[in-house]
Amino acid sequence: MGVRYDLRSKEILRWVMDHPGRGAPYTVRSLAQQIGRHHSLIGHLLTGERRDCDDQDAHAIAEAVGVAVLVLFAPPASPNRNGTAIAA
């Protein structure tokens, strides 16, 4: 299992989907198709049903909409060797 990145704001994700750094605006389905994932991942991030995703998905989403990953996602503060965050 990879490192989990927390979505900073569903509103920011929606805004960058509507105003990507390059190309036409994304729908939930078109962004999911662009990153090769099921549309439920994007939909759940936008509704708040999910607050995180794995690091590969976070990077793919950021790349697709044309922003740095840290604009949209926060990596764990202190990952251990297994890729999971250490509880404080």
Side-chain angles (χ1 to χ4, degrees):
M1 184 159 149
V3 175
R4 306 297 294 177
Y5 277 39
D6 289 326
L7 181 65
R8 291 184 185 275
S9 166
K10 59 187 179 182
E11 292 81 9
I12 294 172
L13 175 58
R14 171 51 72 190
W15 193 90
V16 297
M17 286 174 62
D18 291 340
H19 305 89
R22 56 189 167 276
Y26 284 103
T27 64
V28 169
R29 288 181 185 266
S30 66
L31 179 55
Q33 183 178 18
Q34 179 69 31
I35 67 167
R37 294 298 308 255
H38 192 269
H39 65 272
S40 63
L41 169 66
I42 306 301
H44 290 166
L45 288 170
L46 288 171
T47 63
E49 189 171 332
R50 284 185 74 163
R51 296 181 53 223
D52 66 359
C53 62
D54 71 36
D55 58 336
Q56 292 177 334
D57 289 335
H59 283 274
I61 291 167
E63 174 67 26
V65 297
V67 299
V69 71
L70 295 179
V71 169
L72 295 175
F73 295 95
S78 179
N80 68 21
R81 291 183 186 166
N82 295 328
T84 56
I86 298 171

key: R22 CZ to E63 CD distance, which is reported to the nearest 0.5 Å   = 5.0 Å
key: Side-chain donor or acceptor of R8 paired with backbone N/O of L70 under 3.5 Å   = yes
request  = Might you point out which heavy atoms bring V28 and R14 nearest each other, and give the distance in Å?
outcome  = CG2-NH2, 4.0 Å
ask   = Quick one: are L41 and R50 in side-chain contact, heavy atoms under 4.5 Å?
value = yes
ask   = Quick one: which of L72, V69, D52 gives a side-chain contact (heavy atoms from CB on, under 4.5 Å) with Y5?
value = V69
message = My understanding is that only one of L46, I42, L45 makes a side-chain contact (heavy atoms from CB on, under 4.5 Å) with L31; could you say which?
response = I42
key: Euclidean distance, F73 CZ relative to I12 CD1, rounded to 0.5 Å   = 11.0 Å
note = CZ of R4 to CZ of R51, rounded to nearest 0.5 Å, is 12.0 Å
query = Do S9 and W15 touch side chain to side chain, with heavy atoms closer than 4.5 Å?
reply = no
ask   = Do the non-hydrogen side-chain atoms of P75 and D55 ever get within less than 4.5 Å of each other?
value = no
ask   = Could you state the interatomic distance from CD (Q33) to OG1 (T27), rounded to the nearest 0.5 Å?
value = 8.5 Å
message = Using every non-hydrogen atom in the two residues, find where A64 and Q34 come nearest and quote the distance to one decimal.
response = CB-CG, 3.8 Å
inquiry  = Can you confirm whether V71 sits close enough to V65 that some side-chain heavy atom of one is under 4.5 Å from a side-chain heavy atom of the other?
reply    = no
task = Heavy atoms only: give me the nearest A58-C53 pair and the separation to one decimal.
result = N-SG, 3.7 Å
